[in-house]
Amino acid sequence: EAQVTQNPRYLITVTGKKLTVTCSQNMNHEYMSWYRQDPGLGLRQIYYSMNVEVTDKGDVPEGYKVSRKEKRNFPLILESPSPNQTSLYFCASSLWRGTDTQYFGPGTRLTVL
Amino acid sequence: GQQLNQSPQSMFIQEGEDVSMNCTSSSIFNTWLWYKQDPGEGPVLLIALYKAGELTSNGRLTAQFGITRKDSFLNISASIPSDVGIYFCAGQGAGNMLTFGGGTRLMVKP
């Protein structure tokens with residue numbers, strides 16, 4: 001089954017404790033992206049990747065890192081999480097570019113205390 | 001960054017009514033997209049618009065790419081209960097970054 005998976009689905013952590021949210025897709029897509037969703041703000045793009053080893057900043061990259069060492073995986077890293085990073089995070093992938101049909105993962109709800 | 005203003009923020013309508021929502025931008029977009037998000041799920045693409053003036057339908061949904069390239073609207077005709085959800089517009093400018101609107105929460109009363 002074609003899908004985007006994210007782990008964990010829920011995470012409660014404390015300020016400053018490094019964490020990684022994994023994202024994996026099995027559709028051989030070139031384009032992958034991370035978004036955060038906050039009430040009233042819609043989805044805001046954090047980082048995206050057009051291909052392996054190619055990543056670019058989105059609208060709100062501060063406090064986040066990503067890597068794209070393999071086509072299927074695009075982890076989101078928070079080196080020193082802060083409470084303002086409490087949010088719902090979505091990973092997405094598409095065949096070539098962001099305006100192709102993007103397939104979204106199920107979301108990761110992160111709470112930083 | 002770029003900003004998209006989506007309105008209305010929420011709508012509570014009777015089943016069978018038509019719905020209209022729109023997005024406006026302070027800058028020009030080359031592509032407009034409309035997504036729907038069901039509770040507990042990620043967004044799903046409904047309609048993609050690639051050319052100014054383009055009018056595209058997907059079943060009961062119709063969306064248009066504004067002539068100025070700074071706006072787009074989505075219409076839903078004859079709404080049904082399963083139309084409930086949050087609808088997002090998104091635009092792509094010169095780069096590959098996508099900007100999303102704040103969403104329109106649609107509630108349908110049977």
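Quantities reported herein were computed from a predicted structural model and do not represent experimental measurements. All heavy atoms count here, side chains included; hydrogens, waters and symmetry mates do not. In what follows, chains are A, B, ... by sequence order, proteins preceding strands, each numbered from 1.
Ion pair Lys36(B)/Asp83(B) not flagged as a salt bridge, since none of the NZ, NE, NH1 or NH2 atoms sits closer than 4.0 Å to an Asp/Glu carboxylate oxygen. One finds no salt bridge joining Lys109(B) and Glu15(B) here, because no Lys/Arg side-chain nitrogen approaches an Asp/Glu carboxylate oxygen to under 4.0 Å. Comment: Glu79(A) engages Lys65(A) in a salt bridge, judged by a side-chain N to carboxylate O separation of less than 4.0 angstrom.
Between the OG atom in Ser27(B) and the CG atom in Leu4(B) there is a gap of 7.5 Å [rounded to 0.5 Å].
Between Tyr35(A) and Phe104(A), the angle of the ring planes lies from 30° to 60°, which puts this pair in the tilted group.
Each of Val21(A), Ile77(A), Ile46(A) was checked for a side-chain contact (heavy atoms from CB on, under 4.5 Å) with Tyr64(A), and the lone residue meeting it is Ile46(A).
With a 4.5 angstrom heavy-atom cutoff, Leu98(B) touches chain A via backbone and side-chain atoms both. Interface remark: Gln37(B) contributes side-chain atoms only to the contact with chain A (heavy atom separation under 4.5 Å). For chain A, no part of Gln9(B) is nearby; none of its heavy atoms comes within less than 4.5 Å. With a 4.5 angstrom heavy-atom cutoff, Tyr103(A) does not touch chain B via any of its atoms. For a residue to count as touching a neighbouring chain, one of its non-hydrogen atoms must lie under 4.5 Å from one of that chain's; by this rule Leu41(A) touches chain B with the backbone only.
If you tally non-hydrogen atom pairs under 4.5 Å between each of Gly103(B), Cys89(B), Gly101(B), Ala48(B) and chain A, the highest count goes to Gly101(B). Comparing Arg109(A), Lys57(A), Met50(A), Arg44(A) by heavy-atom pairs within less than 4.5 Å of chain B, the highest count is held by Met50(A).
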